[in-house]
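Everything on this sheet refers to the single structure shown next.
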Amino acid sequence: MTFNELNLIAPILKALETEGYTQPTPIQEQSIPFLLEGKDLLGCAQTGTGKTAAFAIPILQLLNADHAGRSHKNIKTLILTPTRELAIQIGESFAAYGRHLNLRHTVIFGGVPQGAQTQALNRGVDILIATPGRLLDLMTQGYINLKDLSIFVLDEADRMLDMGFIHDVKKVVAKLPLKRQTIFFSATMPPEIQKLANTILVKPEHVAVTPPSSTAELVEQSVFFVDKKDKRSLLAYVLDNKDIQTALVFTRTKHGADKVVKDLEKSNIKAEAIHGNKSQNARQRALSNFKEGRIRVLVATDIAARGIDIDLLSHVINYEIPEVPETYVHRIGRTGRAGASGIAMSFCDDEEMQDWRNILKLTAQKIPVNDKHPWPMAASGMVQINLPKNKEVVRRPNAVSAFNSRNNKRQHSGGARQGQGQSRPAQRPAPRNSDN
Ligand code: AMP
């Protein structure tokens, strides 16, 4: 299917061409026709599937039909999303797809002064993208009038619940006009989210895209069994490979993320961290330094990274194995976006072995072990990990191979790195003319 067949108007088709989008993703193919008909929609999809365009494109087309050439005085569409990063990305998407239309949008979120946001609201906007706390705050102060609203999008509803925003979301919904089109997206549908969907949607169409565990198949994965104390050396060693153009490194904790950055600096590798303790400005700066190629390595916690959209990310490195196996799928889904291939490496120490087994069970994939690195786990004895589906046995290195590898390490130190047993360089598509 092509975008042409979705009956999109010429200015939007032109913008999509500029973005380099040649065909709609499955979620777009399924959602756009229903949304153009004005129907409510319940979408089960996570970031990385193209869900933002799945709602942004039809919204732009509908608003353009109803309001082209009119005033921007009242807000016609509200998009509620849980994090600042997502709000900014959604704003960038509206800017990109709506570049040839006369519609205005603005983005509001907490953690920054409100002045610039209220000024934009006073100038008038058609589309408002907001996080719940700041939205309620500015509503209470009288800056936001939703009486002309005709489309409401609730994005990442399950994450709103995780982050404790569900009460705020309900407060916002209570203030919306009853006659409206409602679009509801969630990666998962726990009972509380299903209940919320039932109360705010009217006869919705249902669309869903492949469950998360299968997206992992696009990504070339490997695991390095390594002692905790050697992870920092292993990371510097791996990143020494210049084929790694961009790497997003995951840690479990904020403190861990900062520590990895410091350790990398000692190895002369420039990196920055993003996590909840960093100011909004510091996070945005780190993100744009990374997106624009000023730093190769970004270190993040799961909360900070989920939903962050980095075009052409070549590598994801799990410095620490996540406790929740689905998180692994979310992490490696940062690379391999919209059908592109990517590479994911995981560093697993002794204490994380059970978490790794759970990941193997969830993904039901053969994930090759890279035991050619200089710091294989020093534990004696052979540990076997039985993969659930294919019954493949992965051997963890024993004391003898660890000894041999330590000798290797000595030979390696100081010299040019060769034969690191690393994955092939990422095969990436040509960059698009997009910064979203
Ligand atoms: P999302 O799931 O909305 O976070 O989108 C994930 C990524 O896919 C973003 O970088 C989009 O720019 C990109 N994308 C969305 N739709 C398409 C498409 N039809 N073709 C190629 N890339 C797309």
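In each ligand, atom 1 is the first atom listed, and ligand 1 is the first ligand listed.
- Side-chain contact of Thr106 with Arg104: a donor-acceptor pair under 3.5 Å is absent, judged by distance alone.
- Which parts of ligand 1 touch Phe3 is read off a 4.0 Å heavy-atom cut-off, strictly below it: atoms 19 (N).
- Between Leu60 and the options Ile9, Leu8, Thr77, Ile12, a side chain to side chain contact (heavy atoms under 4.5 Å, CB included) holds for only Ile12.
- Shown in contact with Thr49 at under 4.0 Å from a heavy atom are these atoms of ligand 1, numbered in order with element: 2 (O).
- Inclusion of Thr52 in the set of residues having an N or O under 3.5 Å from an N or O of ligand 1 is warranted.
- Side-chain contact of Asp243 with His315: a donor-acceptor pair under 3.5 Å is absent, judged by distance alone.
- Under the rule for a salt bridge (charged side-chain N to carboxylate O under 4.0 Å, His left out), the partners of Asp349 that lie at least two apart in sequence or sit in another chain are Lys231.
- The shortest N or O to N or O distance between Gly50 and ligand 1 is under 3.5 Å.
- Between Lys51, Glu92, Gln23, it is Gln23 that holds the heavy atom closest to atom 19 (N) of ligand 1.
- With sequence neighbours excluded, no residue forms a salt bridge (charged side-chain N to carboxylate O under 4.0 Å, His left out) with Glu29.
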